[in-house]
Structures are given as structure tokens and as C-alpha cells.
Number of protein chains: 2
Amino acid sequence: MPHTHDHGHCIDTAMAAARRLCEERGARLTPVRRRVLELVWANHKPTGAYELLPQLAQDGFNSAPPTVYRALDFLLELGLIHRISSLNAFIGCDHPGSAHPTGFFICHKCGEATELPPDELSALAERLEALLGVRVEGETHELTGLCSNCRKAA
Amino acid sequence: MPHTHDHGHCIDTAMAAARRLCEERGARLTPVRRRVLELVWANHKPTGAYELLPQLAQDGFNSAPPTVYRALDFLLELGLIHRISSLNAFIGCDHPGSAHPTGFFICHKCGEATELPPDELSALAERLEALLGVRVEGETHELTGLCSNCRKAA
DNA sequence: CGTAGAATTGCTACATTATAACCTAAGGTG
DNA sequence: CACCTTAGGTTATAATGTAGCAATTCTACG
């Protein structure tokens, strides 16, 4: 997806969604939280918590780990970002607000992550509930491989 | 699954599979590696690397982190165990040897993890390849919720 | 055999990721 | 304003994972 879209639009949409969600829930989108969200949205690649520290410092924010993790926890809680555990990294959510199962495809060539279609994940979860007799309450799906752009390039 | 099966059998099967695989590939199932595999298989719950250290020490093995991680890496490589990244933990593989996509369901009540049916995961991967135009090369699926035993108990 | 090369382990130090605990400041509400 | 709740600052430390190099063990091959 590199350079194939107007990324400013992605950021704007994300920030607007964040403002709306916070308003709805009576939560405060403080400067640190807003900035962290912007930084996570700076591109479509998963971002590590410690990568954010120097960037926050540059903006004059406090930049000790707890500050970043608190902001990230807040954003996770509201569903504005997701955590990619296999990378210890975070990425913006494409459609925050609506509860949905999440998963990502991460290209090992360009590093970009794409959110997986929730429908497919729900379908899987339902099948598994039926097959295994379990109740699914949370799910993480992290696929890797070559994205369509990188496939074309190769 | 607690107390509902002869777990000794699970361990025996796993160890036999390990011996067979190592023989096939000309790899060495050394004492540390064997012991680490046994410990991971001690139950059906994901085990952290650092939990293994004291247990290895008790058996007279070296117990510095690199020792454990090297053994774990070896076992991962051979597909004898899997890593659960959302828990930073490891768990024995149900059917090592055959290449298969893997995923787990982890019960948040009893802590036990069950391997997901590979067929379902393959089906998802194929659909996603078609939908997104990507090539899937690796996948991690980590679901949480209530397992069937714990559901009955509740 | 015996010795060269590869694989394995021991060991120390360190890197990376994440959290605890406690205090201060800011905002919201009566 | 006075209170309370939430957010942020700060220090220290926990938890997880690796680098790098020396010493040993194994294996293959002459």
C-alpha cells in the first residue's frame, strides 16, 4: 500500500473517529493521547511503544515508558488501536467504535499491516464454537506473508 | 480437560514423536532439549520460558536464560512446540511432523490450551488469499474464552 | 584411532518490553 | 471554593529475550 493512497485522509478519519468515540463515552482525548494516536497512524506499519518515546520527547511531551503505555492502554480500551502481540507493536484500527473481531495480515517485505475482514473471522469463531463446544470471547489473528503489492512487484 | 484423560499418555506420545522427528532430520534430542520438552508437556497450559529455569536447575541442568531459549528455539524449529505470543509462552504441539497451520483456544478459567483444527485455519487462509490477493506464509491464531468443560461446570 | 570441523552448551552481560508505586497537577462537580 | 476523580510525572524495577565468546562434545573422514 505504500504511496498508493492519500494517507492524510487515513489520519484525519482516525482522529475524527477518536474525537467522536471519546465524546460518546465521556473520555478525554488529551494531548498525549492524541499525539500517540497520530504517531501510531503515521503509517500502516505496526509501531513499537519504545519507538514512540523519542517522537513524544521531540514534541515536548514527557517520554517515560509509563506515559506511552498509559496512552496506548487508553487507546486500546476504546478500540482505537490494536496490539500485534507477535511483534510487540501497535497499529491503528480501521473501524473503531463497532465491536468486531480483529486480525491482521502483515507483509514481511514492506512491513505494512492490513486489517482482516471481520466477517471471515466471525465465521471462523462460530464454526469453532460449534466444533469445540467453547465460547469465544477474544481473538487474535496475525498472518504474515507477501501482500498483493509486493507480489506484483516481484 | 483437567483430570479427564491419562496425561502420561500425552507425554509419552509427544516424546516418541520427538525421537522419531529428530532421527528423521538428523537432529539431536539432547538431555536439556528432552527435559524442556517434557516440562512444556507437563500439562496443557502454556508455559513461560522463565518458569522452566528453576525446574531445569532442580534437575542439575544449567539454568541461564540462553539455555532455555536455545532449547525452545530448537523445539519450535522442529515443530514440536508452538509459541503463544499473546502470553509469551510455549505449548506442546499435538501433531508434530506434519506441516500445518496452527492456532489455539485458551480457556481463561482453567488456563488450558487446545490446538485448533488445521482444516478450519487453512480454509480461512485460502479465503483471505483470494479476498486480499496476498500470499499467506505464516499464521498465529489465539482465541480466548471458556472451554467446554468450564462451561459445563458453570 | 585421531584430528578437524561443526554443533551444542556454559556463561556473562545486556537489550527490549512492560509495570509498580507513589506523588503532583489538572479538570469536573457540587 | 472545596472536593473528588482522572490524568500525568518520576523513579525504580520486573519480565522477557539476545549477543557474543569460550569451552566442550559430537561426528565424519582420512
Side-chain angles (χ1 to χ4, degrees), chain A residues 18-19 21-40 45-78 80-91 140 142, chain B residues 18-19 21-40 45-78 80-91 140 142:
Chain A
R19 280 190 297 274
L21 250 180
C22 284
E23 187 141 356
E24 269 178 38
R25 316 254 181 119
R28 289 158 56 194
L29 193 59
T30 61
V32 203
R33 291 169 174 175
R34 179 179 13 255
R35 190 69 186 120
V36 167
L37 183 56
E38 281 168 8
L39 290 171
V40 166
K45 302 178 190 184
T47 307
Y50 277 70
E51 283 177 58
L52 300 172
L53 293 179
Q55 309 191 63
L56 283 180
Q58 218 167 6
D59 298 338
F61 287 101
N62 174 42
S63 72
T67 299
V68 170
Y69 280 103
R70 283 193 286 231
L72 291 170
D73 286 346
F74 172 85
L75 298 170
L76 282 170
E77 194 98 10
L78 266 79
L80 292 166
I81 61 173
H82 297 298
R83 184 191 156 89
I84 308 215
S85 16
S86 58
L87 300 176
N88 293 326
F90 302 84
I91 191 162
T140 310
E142 295 165 13
Chain B
R19 279 190 297 272
L21 250 182
C22 285
E23 188 142 355
E24 270 178 36
R25 316 254 181 120
R28 289 157 57 193
L29 193 59
T30 62
V32 203
R33 291 168 174 175
R34 179 177 15 254
R35 190 69 186 119
V36 166
L37 183 55
E38 281 168 7
L39 290 171
V40 167
K45 302 179 190 182
T47 306
Y50 277 71
E51 282 176 58
L52 299 173
L53 293 179
Q55 310 191 61
L56 283 180
Q58 217 166 8
D59 297 339
F61 288 101
N62 174 41
S63 71
T67 298
V68 171
Y69 279 102
R70 284 194 286 230
L72 291 170
D73 286 346
F74 173 85
L75 299 169
L76 283 170
E77 194 99 8
L78 266 76
L80 292 165
I81 62 174
H82 296 298
R83 183 190 158 91
I84 307 212
S85 17
S86 58
L87 299 176
N88 293 328
F90 302 84
I91 192 160
T140 318
E142 295 165 13

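This one's a predicted model, so the numbers in the text were calculated from it and none came from an experiment. Scope of the values below: all heavy atoms of this structure, side chains included, with no hydrogens, waters or symmetry mates.
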>> Restricting to salt bridge (charged side-chain N to carboxylate O under 4.0 Å, His left out), what partner residues turn up for B:D73, sequence neighbours left out?
In response: none
So which heavy atom on [X] is nearest to which on [Y], and how close?
X: A:L87; Y: A:P46; result: CD1-CG, 3.8 Å
X: B:V68; Y: B:A49; result: CG1-O, 3.7 Å
X: B:A18; Y: B:L29; result: CB-CD2, 4.0 Å
X: B:K45; Y: B:I91; result: C-CD1, 4.2 Å
X: B:A89; Y: B:G48; result: CB-N, 4.1 Å
X: B:L78; Y: B:C22; result: CD2-SG, 3.8 Å

> Reckon A:N62 has a side-chain N or O less than 4.0 Å from the OP1 or OP2 of D:dG9?
Replying inline: yes
> Any side-chain N or O of B:N88 less than 4.0 Å from the OP1 or OP2 oxygen of D:dA15?
Replying inline: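 Answer is no, no contact under 4.0 Å.
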>> For DNA chain D, which residues of residues 49-60 of chain A approach it to below 4.0 angstrom with any heavy atom?
In response: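 Hits under 4.0 Å, by residue number: none.
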>> How about CD on A:Q58, more than 12 heavy atoms from neighbouring residues, nucleotides or ligands closer than 6.0 Å, or not?
In response: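 Not more than 12 within 6.0 Å, no.
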> Has the side chain of B:E142 got a donor or acceptor atom that lies under 3.5 Å from a matching backbone atom of B:S85?
Replying inline: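 Confirmed, B:E142 side chain pairs with B:S85 backbone.
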>> I need the residues from residues 63-78 of chain A with at least one non-hydrogen atom less than 4.0 Å from DNA chain C; give them sorted by number, or say none.
In response: A:P65, A:P66, A:Y69, A:R70
> Just how far is it from atom CZ of A:F90 to atom CD1 of A:I81, taken to the nearest 0.5 Å?
Replying inline: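 Result: 6.0 Å between the selected atoms.
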>> Could you measure the distance from the CZ atom of A:R70 to the CG atom of A:L72? Nearest 0.5 Å is fine.
In response: 11.5 Å
Rounding to a whole Å, what distance do you find between [X]:[atom1] and [N]:[atom2]?
X: B:R34; N: C:dT8; atom1: CZ; atom2: P; result: 14 Å
X: A:R33; N: D:dA7; atom1: CZ; atom2: C1'; result: 6 Å
X: A:L87; N: C:dA18; atom1: CG; atom2: P; result: 11 Å

Atom pairs and distances, donor-acceptor, side-chain atoms in residues 33-40 of chain B, under 3.5 Å, two or more places apart:
{"from": "B:R33", "atom 1": "NH1", "to": "B:R28", "atom 2": "O", "distance (Å)": "2.7"}
{"from": "B:R35", "atom 1": "NE", "to": "B:D59", "atom 2": "OD2", "distance (Å)": "2.4"}
{"from": "B:R35", "atom 1": "NH1", "to": "B:E38", "atom 2": "OE1", "distance (Å)": "2.6"}
{"from": "B:R35", "atom 1": "NH2", "to": "B:D59", "atom 2": "OD2", "distance (Å)": "3.3"}

> Where do A:L52 and A:T47 land on the side-chain contact (heavy atoms from CB on, under 4.5 Å) test, with the steps shown first?
Replying inline: CA-CA 8 Å; A:L52 300 172; A:T47 307; 3.7 Å; yes
> Which angle, rounded to 10°, do you find between the first-five-pair axis and the last-five-pair axis of the helix from C:dC1-D:dG30 to C:dG30-D:dC1?
Replying inline: 30°
> Where along nucleotides 22-28 of chain D does protein come under 4.0 Å, by heavy atom, of base (B) or sugar-phosphate alone (S), with - for untouched nucleotides?
Replying inline: ----S--
>> Both B:P31 and A:G48 contact DNA chain C. Taking the nearest nucleotide for each, which residue is further toward the 5' end?
In response: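 Mapping each residue to its closest nucleotide by heavy atoms, the 5'-most match is B:P31.
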